[in-house]
Amino acid sequence: MSTVKTLQYLVDGRWLDSKTTRFMDVRNPSTGEIIAKAPCCTENEVKTAIAAARKAFPAWSNTPAIKRAQIMFQLRELLIKHEERLTELVARENGKAWGDAQGDVLKAKEGTELACSIPTLLAGESLMDASVGIDTTLYREPIGVFAGIVPFNFPAMIPMGWMAPLCIASGNTIVIKAASMTPMTCVEIAKLYQEAGVPDGVINIVTCSRNEADLFLTHPDVNGVSFVGSTSVGLHVYSKAAAHGKRVQALCEAKNHALVLADAPIARTAAGIINAAFGCAGERCMALPVVVVQEEIADRLIAAVLEKAQALKVGPGYRKETDMGPVISAEHKKSVENWITKGIEEGAKLVLDGRGFQVEGFENGYYVGPTLFDRVTEEMTIGTEEVFGPVLCFKRVKNFEVGLQVMNRNPLANGSVIFTQNGHYAREFQKRTHGGMVGINVGIPVPVGVFPFSGHKNSFFGDLHCLGKDGVRFYTETKCVTSRWFDEEERKREKVDSWDGTI
């Protein structure tokens, strides 16, 4: 049996052994085996990481943006070079199927590519003769130290695609609390940051419990917090950090719905639903756990989805033939199965039951099979609250208007989707849906990184989303410089009006 590795934490360019007496098991969800132990860093160790980031900020913020971009280009090349190794690591510590794991890594690269254009993204604005003889120039400047608090489900994309690249390229420094259950990918990519030439202290990595992470919300040397996780914790992070004068973006839960109209092509729509509902075993905030379908095609659509769901190959994430891997942990498996039981108790019709699912040779893995419910109503929590697993609910409706109302009554609004060939309904949908990311015949409407990841309602707390121009604005603040140069006559003036020529 292989030796279980104890992870270190990164502070000021050094990988250190924690002084803690508490360690968190990192398991391979496909087998249930412990593959590493992550330290629950002490409060003092977290403070040391913040101090290192603060110390590194002055020199890094004064590094020209072009130089910072060149380091991002180096990082991009390293991510390409190590793509296969990182993909396997994601598949092993998270359980994602190979294609899902590869996408996780590629999304980290996408965020890095956005950061490569930071000189252009930081370019300001100017106006000569804003008033007589007065010029005004707007600059974007880095703010200071940011903290990133990340979940288990995207160990590459979220910390190293959504947070670190734009934060660092903008001239800030960062302390990332890697996800306790999936810290290894974050650790490995942090080493690539060092290899790319990121100076000591610019990026720091800790693993710890929620108690230690709470320091980020109140510590005077932390200027901003980027969080991804549950709505309850996200609201706590937003409220507490904002109360302490910090910038906050909190990306939270979702219960994305798709509206399928009668004119949608059944086979192609079913394929899109399968991918969106069961990719990453449903453990993503842009999953598609609810389909609102017009009654007249409901039976045919559900039959098509059922056939495809039963054909999915469920197994270890690191096997390339696997279509769907396990969920993250034994506890989460129990939670998802309890949700399925609750759905039955609430009166939903169970079409396909994923409880008790086992994969031969991997009986200790945390597998939940694809699950389908029909005739789910708005009163049933199975169709309104986030399950975060491979559970798909069908809600039947009479027409477009009723379907849109059902979707918009949900308090969560990350994404929303419509499947139709009707341009009028597609246009009406994109105007009137509450979802921040909208798909028209696209089951997972996550925009590419040049656009923001823009959840709405209780799916997001804050003012500026991650990625895109929003992301650059979140990690910078503006400075407006108004200047005037005196000619010979102006130098002789002994009195000026109250606005000194600026009106």
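By the 6.0 Å and 45° rule, K191 stacks over the aromatic ring of W15.
Looking at T173, its side chain does come within 3.5 Å of a backbone N or O of A53 through a donor-acceptor pair. Side chain of E346 to main chain of T381: a donor-acceptor pair is present (N/O by atom type, distance under 3.5 Å, no hydrogens or angles). Side-chain N or O atoms of S459 include none that pairs as donor or acceptor with a backbone N or O of C252 at under 3.5 Å. Of the possible donor and acceptor atoms, none in the side chain of S170 sits under 3.5 Å from a partner among the backbone N and O of N172. With hydrogens and angles disregarded, no donor-acceptor distance shorter than 3.5 Å links the side chain of N28 to the backbone of E33.
No salt bridge links R14 with D12; every basic N to acidic carboxylate O contact stays at or beyond 4.0 Å. Ion pairing of K479 with E141 is present here, as a side-chain N (NZ or NE/NH1/NH2) and a carboxylate O approach within less than 4.0 Å. A salt bridge does not link E88 to K96: none of the charged side-chain nitrogens sits closer than 4.0 Å to a carboxylate oxygen. Using a cut-off of 4.0 Å between Lys/Arg side-chain N and Asp/Glu carboxylate O, E110 and K107 are scored as salt-bridged. In this structure, K109 does not pair ionically with E83, as no charged nitrogen and carboxylate oxygen lie closer than 4.0 Å.
No hydrogens or angles considered: a donor-acceptor pair under 3.5 Å links the side chains of Q249 and S226. E93 and T185 share a donor-acceptor pair across their side chains, judged by distance under 3.5 Å alone. Side chain to side chain, S416 and T433 meet the donor-acceptor criterion of an N or O pair below 3.5 Å. Side-chain contact of R355 with T341: a donor-acceptor pair under 3.5 Å is present, judged by distance alone. Judged by distance alone, the side chains of Q8 and D17 do bring a donor and an acceptor atom under 3.5 Å apart.
With sequence neighbours excluded, the residues satisfying side chain to side chain donor-acceptor pair (under 3.5 Å) with K457 are H434.
Within 6.0 Å of CZ on F23 lie more than 12 heavy atoms contributed by other residues, nucleotides or ligands. Within a 6.0 Å sphere centred on CG of D463, heavy atoms belonging to other residues, nucleotides or ligands number 12 at most. Annotation for E477: atom CD counts as buried by contact number, over 12 foreign heavy atoms lying within 6.0 Å.
Counting heavy atoms from C-beta outward, T48 and N44 have side chains that approach closer than 4.5 Å. By the 4.5 Å heavy-atom criterion applied to side chains, R92 and S30 are not counted as neighbours. Put simply, the side chain of V150 reaches to within 4.5 Å of the side chain of M163, judged on heavy atoms. Inter-residue side-chain proximity for V237 and V248 is flagged as met; some heavy-atom pair is nearer than 4.5 Å. Counting heavy atoms from C-beta on, the side chains of P39 and R22 never come closer than 4.5 Å. Considering only heavy atoms from C-beta on, I203 comes within 4.5 Å of M160 through its side chain. You'll find the side chain of P370 stays beyond 4.5 Å of the side chain of L392, heavy atoms only. The shortest distance between side-chain heavy atoms of P151 and F227 does not fall below 4.5 Å.
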Between R284 and E386, is a salt bridge (charged side-chain N to carboxylate O under 4.0 Å, His left out) present by the stated rule, with each step listed? CA-CA 10 Å; R284 54 185 175 191; E386 187 176 64; over 6 Å; no
Taking it one step at a time, do V222 and K246 satisfy side chain to side chain contact (heavy atoms under 4.5 Å, CB included)? CA-CA 7 Å; V222 175; K246 306 184 190 309; 4.2 Å; yes
Does E378 form a salt bridge (charged side-chain N to carboxylate O under 4.0 Å, His left out) with R409? I'd like the steps, not just the answer. CA-CA 9 Å; E378 289 185 86; R409 280 195 285 265; 2.7 Å; yes
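F146 has its ring centre less than 6.0 Å from the ring centre of Y475. In summary, the aromatic rings of F453 and F460 are positioned with their centroids too far apart to meet the 6.0 Å limit.
Note on ring orientation: taking the six-membered ring where Trp is involved, the planes of F461 and Y238 are parallel (angle under 30°, cut-offs 30° and 60°).
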